[in-house]
Amino acid sequence: MRGNNTLWVPGTDHAGIATQNVVEKQLQLEGATRETIGRARFVQRVWEWKAESGSTIIEQLKRLGASCDWTRLRFTMDEGLSRAVREVFVRLYQEGLIYRGKRLINWCPRCLTALSDIEVQHEDVSGKLYYIEYPLANDQKKRLTIATTRPETMLGDTAVAVHPEDPRYNSLIGHRVLLPLTRREIPIVGDSVLVDREFGTGAVKITPAHDFNDFEAGLRHHLPRVALFDHHARMDPAGLQEAQVAEDVRQHLAGQTTDGARAMVVEALKKAGLLQKIEDHPMALGKCYRCKTVVEPYLSPQWFVKIQPLAEPAIKAVESGQIRMIPEQWTNNYLGWMREIKDWCISRQIWWGHQIPAWYCKHCNESAIVISSAKTYTISSEAKPLVSLQAPTHCPDCGQHDFIRDPDVLDTWFSSALWPFSTLGWPDDTPELKKYYPTSTLVTGFDILFFWVARMIMMGLKFMGQIPFRDVYIHALVRDAEGQKMSKSKGNVIDPLTIMDKYGTDALRFTLAAMASPGRDIKLSEERIEGYRNFANKLWNAARFIQMNLQAPHEGGVEITPRDAAMDAERSVVDHWILSRLNRCIGEVNFFLEAYRFDEAANRLYHFIWHEYCDWYLELVKPALFDKEGSGAAGTRTMLVATFDTLLRLVHPFMPFITEEIWQAMPHAGESLMIATYPAPQAALHNERSEQEVESIQKVVSTVRDIRGVQGIPPSRKLDAVIDIADNEITKHLQTHRLLIMTLAGLTQLTIGKELPSPPLAATAAMVFSEGRIGQLFINLTGIIDLDKETARINKRLHELTVQMEQTQKKLSNPEFVAKVPPDVLEKTRAKHQEFLLERDKLDAQRKRLQPGAAT
RNA sequence: GGGCGAUUAGCUCAGGGGGAGAGCGCUUGCUUCACACGCAAGAGGUCGCAGGUUCAAGACCUGCAUCGCCCACCA
């Protein structure tokens with residue numbers, strides 16, 4: 001599990017994500033700032049983690065070719081991945097696709113870092129909407145009322161916007177208003193993008209330094225940006241001065257938090273008679289995912305990737321079908337997001353990650369570098385960076401040697417984006433790169449479709465010149481049994497380790513596969529897992545049964561080959577039947593796996609193994625197996641081992657542990673099931689005739705069991721039966737397998753023939769064999785029969801038949817149906833109707849015989 | 001506000017034009033020699049509502065209701 005609820009498939013992770021997640025998770029950096037986290041604590045947590053998981057972060061990183069310098073609280077991966085990251089950064093910078101600029105970003109004033117979209121969690125709150133009156137500059141009695149949820153930012157307004165087609169206001173465009181509490185006049189502009197005429201008063205303040213939309217609007221109208229808050233989100237005296245805030249207000253505001261400032265501004269506006277009203281206004285507030293502090297849009301120098309030139313080829317790759325999203329519905333999400341993509345802020349002010357390969361000459365940038373303490377410094381947007389793979393030796397401008405490195409690190413998704421090729425040795429032209437790029441399938445969760453998948457596509461196309469993968473399989477999200485999103489704060493996370501302890505890893509894995517219907521989330525319920533635990537047990541017991549019936553520990557072959565004449569003669573009907581059925585199952589499972597329908601594949605396997613292989617095959621095989629004198633035992637044992645071996649291979653991807661365990665204990669060829677060939681269907685194994693033949697056996701056995709069940713006859717009570725059927729072929733089948741049927745159905749006597757028994761025996765049933773052939777079964781229940789129960793059973797079936805016949809009759813008597821329906825459907829409907837008729841007649845006749853006095 | 005999905009048996013869910021399905025749960029009967037984490041039989045559903053297309057709709061179309069998710073935003 002990763003994040004809140006995404007199932008993380010092992011093997012798709014990479015160093016960048018592992019680093020961030022492991023470190024963040026283990027350190028529980030709840031609100032900790034760079035300054036407060038000590039090395040001791042860090043190292044301690046690393047070792048705690050080792051105790052839990054058996055390997056350390058260091059070991060993991062070393063495996064990935066990294067080296068760590070713990071003393072600096074910042075690790076760099078000098079080989080491998082880090083080299084690729086620097087290479088990409090430098091190339092993009094040289095092409096002008098990476099730039100450093102002062103722009104508005106989401107900022108956590110507690111962690112003191114830029115946050116990506118995924119790191120901002122929105123929370124519904126009950127906010128207020130404040131209506132503030134701005135006096136017109138040329139006539140202060142006239143006022144323009146705006147509505148805002150953040151009155152404290154009004155001091156940084158640099159314009160007011162109205163809709164250019166709004167007759168209420170558009171004559172005011174070009175006029176100016178006095179910004180209350182300040183000595184500034186600001187213009188009224190017309191902006192159809194920003195302004196929603198229906199909202200509030202239809203007039204809106206523009207604060208480019210504290211709101212994303214306003215920032216954009218500010219660019220459109222060339223407005224100045226007045227920043228009021230510092231990086232702690234406190235009122236900055238310099239900002240207040242720049243905003244020309246009235247002296248008395250300014251003194252109180254300096255150093256205030258946003259909340260404190262809000263109260264003061266509202267109070268001051270009230271006093272000035274400029275606060276019209278306050279309304280309740282539910283809204284969503286962005287919070288830092290780590291420390292839950294309210295996120296502040298903050299104007300600061302950051303690094304950005306100019307994304308448009310990278311996005312266009314990535315859009316085409318998906319539009320043209322070069323890259324396929326599965327399920328397809330995600331394609332639109334991807335395209336929609338990509339078409340409206342915004343420049344990507346890649347700098348972070350945290351202390352782990354890949355440090356940005358940029359340096360500043362201290363001499364040339366003296367005024368731009370602000371040293372605030374021994375360890376922290378900020379570099380303003382005016383500074384001129386030197387971007388290169390290695391630290392520069394001298395400044396190209398002044399020739400001096402004193403540099404300071406950009407303290408920022410890269411967004412973890414920056415290195416993640418390079419994963420498809422950086423892990424294979426890029427920028428070197430390695431054999432691995434040649435062999436594994438592009439790869440076939442990426443398995444991932446939709447919540448990182450944009451953060452990761454889209455960026456891998458962009459970077460792959462940019463630096464490798466071709467797509468990184470062909471298929472993107474987007475798996476389901478796991479929810480709890482109530483359908484709630486799993487979340488650490490809610491405490492409803494189902495810990496996979498607990499589940500695995502209780503039910504087994506295979507059971508959990510199989511459950512997830514079986515429930516992974518495309519486009520739907522998974523509500524994980526323990527009952528379902530328990531069901532598949534039972535399935536694992538079933539598999540185990542089937543193996544036990546086979547093993548204990550082998551004569552030598554390694555008896556039996558494992559290869560199923562298409563029949564040749566010699567083999568054909570040796571194989572029994574049951575052999576041919578199970579091979580045919582198994583082959584069918586293999587075909588279906590393969591088909592569904594190729595279509596990414598893991599749920600269907602898992603369900604087919606479950607049903608086949610439990611309800612055909614175990615319920616029927618293992619039972620059908622017993623008479624031959626236990627008949628030590630008979631000739632069929634050895635062949636049957638061979639078939640058991642061969643078919644079960646194939647089944648284990650089929651199930652192995654769904655239940656790797658138990659299948660490997662069983663496989664090793666059975667006669668087998670090869671080292672491990674993991675590397676054994678996966679079964680493929682073989683057309684020659686298909687055997688329609690034997691499938692029909694065994695179906696006849698099953699039909700008779702089921703019918704006897706049916707009567708037993710309804711009459712409540714225990715299995716220990718043996719019965720006599722007579723089958724009446726006017727079909728030579730089926731009669732022949734049944735004759736051949738007479739003993740088998742008797743065993744399975746618990747009969748002492750079975751007569752097969754066309755002759756009705758005389759006197760008629762009490763319990764009967766009609767049996768419909770394949771292709772509409774019908775027979776009748778009589779069971780001697782003298783002294784056992786409950787006439788009422790038997791009549792009720794027949795009546796129930798008669799009722800079902802009547803309902804079904806009404807339906808077919810209605811269709812067949814509809815001229816339009818007969819005229820328009822496809823011939824095969826018409827034929828099928830007619831045949832079905834005939835079947836119903838026959839069965840009804842047989843049952844009807846029998847019901848009459850059951851009437852008191854009818855039987856002799 | 002835009003988009004997506006869901007609504008089918010008591011529960012969890014498959015099924016996407018031609019006789020309503022699975023697992024779990026429930027009822028009944030089984031100390032059947034692989035398995036009671038089992039075997040056999042069974043009960044249980046006008047497939048959210050209303051229209052439409054069709055010879056035929058649980059399935060396709062339109063609208064509505066309820067629930068959920070994603071994106072944007074709520075000045």
Side-chain angles (χ1 to χ4, degrees), chain A residues 117 122 127 129-130 146-150 153 160-161 194-196 199-207 211-214 217 281-284 329-330 332-333 336-337 340 446-447 449-450 477 479 481 483-485 503 507 511 514-515 517 519-549 599-600 603 606-607 611 614-615 618-619 622 626 702 705-716 746 796 800 803-805 807-808 810-811 814-822 824-826 828-829 832-833 836:
Chain A
D117 294 343
H122 289 272
L129 194 57
Y130 302 83
I146 59 95
T148 179
T149 55
R150 299 202 55 192
T153 65
V160 170
L194 183 68
V195 179
D196 174 2
F199 191 90
T201 61
V204 57
K205 70 195 198 62
I206 301 182
T207 321
D211 181 280
F212 289 100
N213 287 324
D214 292 6
H281 183 70
M283 52 189 273
Q329 64 200 70
W330 291 106
N332 285 335
N333 277 41
W337 187 78
E340 284 172 36
F446 74 82
D447 52 345
L449 184 62
F450 308 136
L477 243 55
R479 294 162 182 281
Q484 298 283 315
K485 240 177 145 173
Y503 299 106
T511 308
M515 298 186 80
S517 302
R520 274 193 70 140
D521 292 345
I522 295 175
K523 271 194 254 180
L524 203 56
S525 66
E526 283 206 34
E527 289 78 18
R528 194 76 181 253
I529 302 169
E530 196 180 344
Y532 291 119
R533 187 271 317 264
N534 295 351
F535 176 62
N537 190 55
K538 189 77 179 173
L539 207 59
W540 181 261
N541 281 306
R544 251 176 19 116
F545 170 77
I546 294 169
Q547 259 184 323
M548 60 194 275
N549 282 295
D599 58 328
E600 290 284 0
N603 287 328
Y606 179 95
H607 189 267
H611 297 299
C614 291
D615 284 358
L618 294 187
E619 295 304 321
K622 278 177 183 175
F626 297 156
S702 294
R705 283 175 180 171
D706 185 7
I707 292 172
R708 268 186 190 281
V710 171
Q711 291 284 349
I713 304 162
S716 50
K796 178 175 165 274
E800 283 169 11
V803 172
Q804 287 167 335
M805 279 174 64
Q807 286 172 2
T808 45
K810 200 174 141 195
K811 281 183 189 174
N814 181 348
E816 279 194 287
F817 176 82
V818 178
K820 293 187 182 172
V821 85
D824 58 319
V825 176
L826 180 63
K828 212 174 129 194
T829 310
K832 217 181 289 172
H833 191 70
F836 294 154

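So that the names make sense, note that chain A is the first sequence line, chain B the second, and so on, each numbered from 1.
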Point to revise | Touch class at under 4.0 angstrom, heavy-atom based, for A/E600 against every strand present | key: sugar-phosphate
Exercise for review: May I have the distance from A/F817 (atom CZ) to B/rG18 (atom P), rounded to whole angstrom?
Suggested key: 12 Å
Check your understanding: Heavy atoms under 4.0 Å, any strand shown: does A/P822 hit a base, just sugar-phosphate, or nothing?
Key -> base
Exercise for review: Could you please spell out the steps behind the side-chain contact (heavy atoms from CB on, under 4.5 Å) verdict for A/I146 and A/V204?
Suggested key: CA-CA 5 Å; A/I146 59 95; A/V204 57; 5.7 Å; no
Revision key, fill the gap. Of B/rC55, B/rG18, B/rC4, the nucleotide closest to the side chain of A/Q329 is B/rC4
Revision key, fill the gap. Which of B/rU12, B/rC70, B/rC55 is nearest the side chain of A/N333? It is B/rC70
Check your understanding: Between A/Y503 and A/Y532, is a ring pair (Phe, Tyr, Trp, His ring centres under 6.0 Å) present by the stated rule, with each step listed?
Key -> CA-CA 9 Å; A/Y503 299 106; A/Y532 291 119; over 10 Å; no
Exercise for review: May I ask you to decide if the ring planes of A/F626 and A/F545 are parallel, tilted or perpendicular, using 30° and 60° as cut-offs?
Suggested key: perpendicular
Practice item. Please confirm whether any donor atom in the side chain of A/Q804 sits under 3.5 Å from an acceptor in the base of B/rG19, or the reverse. Key: yes
Review point. Under 4.0 angstrom, heavy atoms only, what part of the nucleic acid is A/Y606 near: base, sugar-phosphate, or nothing?
Key: sugar-phosphate
Check your understanding: Which value, in whole Å, describes the distance between the C1' atoms of nucleotides B/rA43 and B/rU53?
Key -> 37 Å
**Study point:** Nearest-angstrom distance, P atom, B/rC24 to B/rC61
**Key:** 34 Å
Exercise for review: For A/H607, report the nucleic acid contact type (base, sugar-phosphate, nothing); a contact means any heavy atom under 4.0 Å.
Suggested key: nothing
Practice item. Report the glycosidic orientation of B/rG16: syn if within 90° of 0, anti in every other case. Key: syn
Check your understanding: Rounded to the nearest 0.5 Å, how far does CZ of A/F836 lie from CD of A/Q804?
Key -> 4.0 Å
Point to revise | Backbone N/O of A/M515 and side chain of A/R528: donor-acceptor pair under 3.5 Å | key: no
Check your understanding: Base, sugar-phosphate, or nothing for A/N213, non-hydrogen atoms under 4.0 angstrom?
Key -> sugar-phosphate
Practice item. With the side chain counted from C-beta on, respond yes when A/Q807 and A/K811 share a heavy-atom pair under 4.5 Å apart, and no when they do not. Key: no
Practice item. Look at the side chain of A/N541 and the backbone N and O of A/N537, then say whether any donor-acceptor pair between them is shorter than 3.5 Å. Key: yes
**Study point:** A/D706 side-chain N/O to A/S702 backbone N/O, donor-acceptor pair under 3.5 Å
**Key:** no
Exercise for review: Please state how far atom CD in A/E340 lies from atom C1' in B/rC71, giving the value in whole angstrom units.
Suggested key: 9 Å
Review point. Over how many whole Å does the gap from A/Y532 atom OH to B/rA22 atom P extend?
Key: 13 Å
**Study point:** Within-4.5 Å side-chain heavy-atom neighbours: A/L449 and A/W337
**Key:** no
Check your understanding: Which residue lies toward the 5' end of RNA chain B, A/A203 or A/N814, if each is placed at its nearest nucleotide?
Key -> A/N814
Revision key, fill the gap. When rounded to whole Å, the NZ to C1' distance for the pair A/K810 and B/rC55 reads 11 Å
Check your understanding: Which whole number of Å gives the distance between the P atom of B/rG51 and that of B/rG38?
Key -> 46 Å
Review point. Separation of A/W330 atom CH2 from B/rC69 atom P, in whole Å?
Key: 13 Å
Study note, to complete from the structure: Secondary structure of RNA chain B per the Watson-Crick/G-U criterion (both distances under 3.5 Å; [ ] crossing, | other strand, . unpaired) is ((((((((.[[[[.)..(..]]]].(((((.......))))).....[[[[[..)....]]]]])))))))....
Check your understanding: Starting at CE of A/M515 and ending at P of B/rC24, how long is that distance when rounded to a whole Å?
Key -> 13 Å
Review point. If you round to the nearest 0.5 Å, how far is NE2 of A/H611 from NZ of A/K538?
Key: 8.5 Å
Review point. Taking the P atom of each, how far is B/rG16 from B/rG58, in whole Å?
Key: 15 Å
Check your understanding: When you compare B/rA22 with B/rU8, how far apart are their C1' atoms, in angstrom units rounded to a whole number?
Key -> 12 Å
**Study point:** Protein-to-nucleotide contact annotation, 5' to 3' order, nucleotides 33-47 of chain B [B base; S sugar-phosphate only; - none; under 4.0 Å, heavy atom]
**Key:** -BB-BSSSSSS----
Exercise for review: For A/R528 and B/rC11, give me the distance from atom CZ to atom C1', rounded to whole Å.
Suggested key: 11 Å
Revision key, fill the gap. The residue, A/K820 or A/N332, whose nearest nucleotide of RNA chain B is more 5′ is A/N332
**Study point:** Integer angstrom distance from the C1' of B/rA6 to that of B/rA14
**Key:** 14 Å
**Study point:** B/rG15 to B/rC33 separation - C1' atoms, rounded to the nearest Å
**Key:** 40 Å
Point to revise | Rounded distance in Å between the C1' positions of B/rU54 and B/rC60 | key: 10 Å
Practice item. Remember a base hit wins even if backbone is also touched, and classify A/K811 as base, sugar-phosphate or nothing at under 4.0 Å, heavy atoms. Key: sugar-phosphate
Practice item. Using a 4.0 Å heavy-atom cut-off across all strands, classify A/P715 as base, sugar-phosphate, or nothing. Key: base
**Study point:** For atom NZ of A/K205 and atom P of B/rC74, their distance in whole Å
**Key:** 11 Å
Check your understanding: Nearest 0.5 Å, what's the OG1-CG distance between A/T207 and A/D214?
Key -> 5.0 Å
Study note, to complete from the structure: A/F817 and A/T829 have their tightest heavy-atom pair at CZ-OG1, 3.9 Å
